[in-house]
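Structure record follows, encoded as structure tokens.
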Amino acid sequence: MIQRNILLTFALALVLLAPLAGCSSDSHEPSQPALARRTILVYMVATNSMGSLDHDDEDLAEMDKAVAAGALGGCRLLVYRVSVDEPQPELFEIVRGKGAVAQHRGLKAYDAAPGSSVTRERMSQVVADVAALAPARSYGLVLWSHASGWAKSLTTKGAVRRREFAIDNGHTMPLDVLASALPAGQFEWIYADVCYFGSIEVAYELRHATRYFVGSPTEIPGTGMPYDVALPYLCQDSTRLVDACQAVYSHYAARSGSEQTMALSLVDCSQLDRLAAVCRQVHASAVPLESTRGLQCYNMGGYRFLFDFMQYEQAIAPPSLQAALGQAYAAAVRYKAATLRIFDTLTIDPVRYSGLSVYIPGTSPGVNETYYKTLQWYRDTY
């Protein structure tokens, strides 16, 4: 009788343990990637003179230096790169390997058709791949290439020097296409490491994709952001964005001659709708300026049409709107700095420098003016 009870007890134990064994057999399914504190994507399009001059290699070396020094912390750094030296677009991650050495780990290769890196489809795919391969609590985006801000061209002569955002084997990406490629609310910040993106029009067009936006209203040196200096701040909380901007500015301000060149600003995009509402009132009641003479201009060359944002708006705003304009601007622009000269050619008046450029309708008739009227800033403020 005792022996029979022992057998029954043993059989019951097997029955109870069976589900546990089944659970164990399911544990071999692939695990989800760990959630990073922040993932930073550098979207690097260098199939142009930037790649020919090896500026992409220089900046990658700076990233390697920062990663090797332990700058990432709980962050991940991914780079989408296409270059004259690397015509096969690739998404890779820079990680800190054994011996505190930076290593590049390939994640995905993409079709190498000329111009594919400046299409809505490609950028959207890369952003989606980054979210899937390196999920994080927040994301940062660095735009790396040539650019001419919102403008189709830096002249009024059609497509001469056409850049917009990036040049991929002669193909470019208009601002509205760039904005449509970025999911709403995807990025905590966007850092435009390109020329002329520090404009109210660019920041406003991208305001739904990011909370904070960093850009320069002028040309910037080909070496752009010193990544080994800025990444330690960009990998931290968004409150350190001001420190990142200050570090970039100080890096160039400490140089001499034509190398003492940098202008940039940090914009809180959550405040731009308020600023646009005030500017709409300003534009509705403003008397057009008789001349742009005396306005701080930020683009170099024979045709000047990128003027200082606040200097222009204050010049046309009636007294009743001056206070509201100043308050809305102060809430939106969190940091601004500029050296006194840009490439020893363009003089910056620190009193007039607001950190952002603006286009004045009528100052660049032709292709730029036609395209300008399609932008959200024009639609919402004029």
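The first residue in the sequence is number 1, and the count goes up from there. Values below: all heavy atoms of this structure, side chains included; hydrogens, waters and symmetry mates excluded.
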Are side-chain heavy atoms of [X] and [Y] found at a separation under 4.5 Å?
X	Y	value
L91	D129	yes
H146	S49	yes
W144	V45	no

Please collect all ring-ring contact (aromatic ring centres under 6.0 Å, His included) contacts where either partner lies in [range], sequence neighbours excluded, each pair once.
range	value
residues 76-114	Y43-Y80, Y80-Y110, F92-H104
residues 217-244	none
residues 247-288	H283-Y382

Is a donor from one side chain sitting under 3.5 angstrom from an acceptor on the other, for [X] and [Y]?
X	Y	result
S270	R211	yes
D168	T47	yes
E188	S238	yes
Y359	E369	yes
T381	R280	no

Please list, chain by chain and in numerical order, all residues satisfying side chain to side chain donor-acceptor pair (under 3.5 Å) with [X], sequence neighbours excluded.
X	result
S180	R120
T39	none
S354	D308

side-chain contact (heavy atoms from CB on, under 4.5 Å) involving [X] - partner list, sequence neighbours excluded:
X	answer
Q281	L321
E58	H55, T223
V242	L266, Y335
A109	Q88

Identify every side-chain donor-acceptor pair in residues 130-140 under 3.5 Å, counting partners at least two apart or on other chains, and give the distances.
{"from": "S138", "atom 1": "OG", "to": "R37", "atom 2": "O", "distance (Å)": "3.4"}
{"from": "S138", "atom 1": "OG", "to": "R38", "atom 2": "NE", "distance (Å)": "3.1"}
{"from": "Y139", "atom 1": "OH", "to": "A136", "atom 2": "N", "distance (Å)": "3.0"}

Query - Pairwise salt bridge (Lys or Arg N to Asp or Glu O under 4.0 Å) hits with a residue in residues 329-340, at least two apart - result: D268-R334
Query raised in the report: Mind checking whether Y371 and W150 have parallel, tilted or perpendicular rings, split at 30° and 60°?
Result: parallel
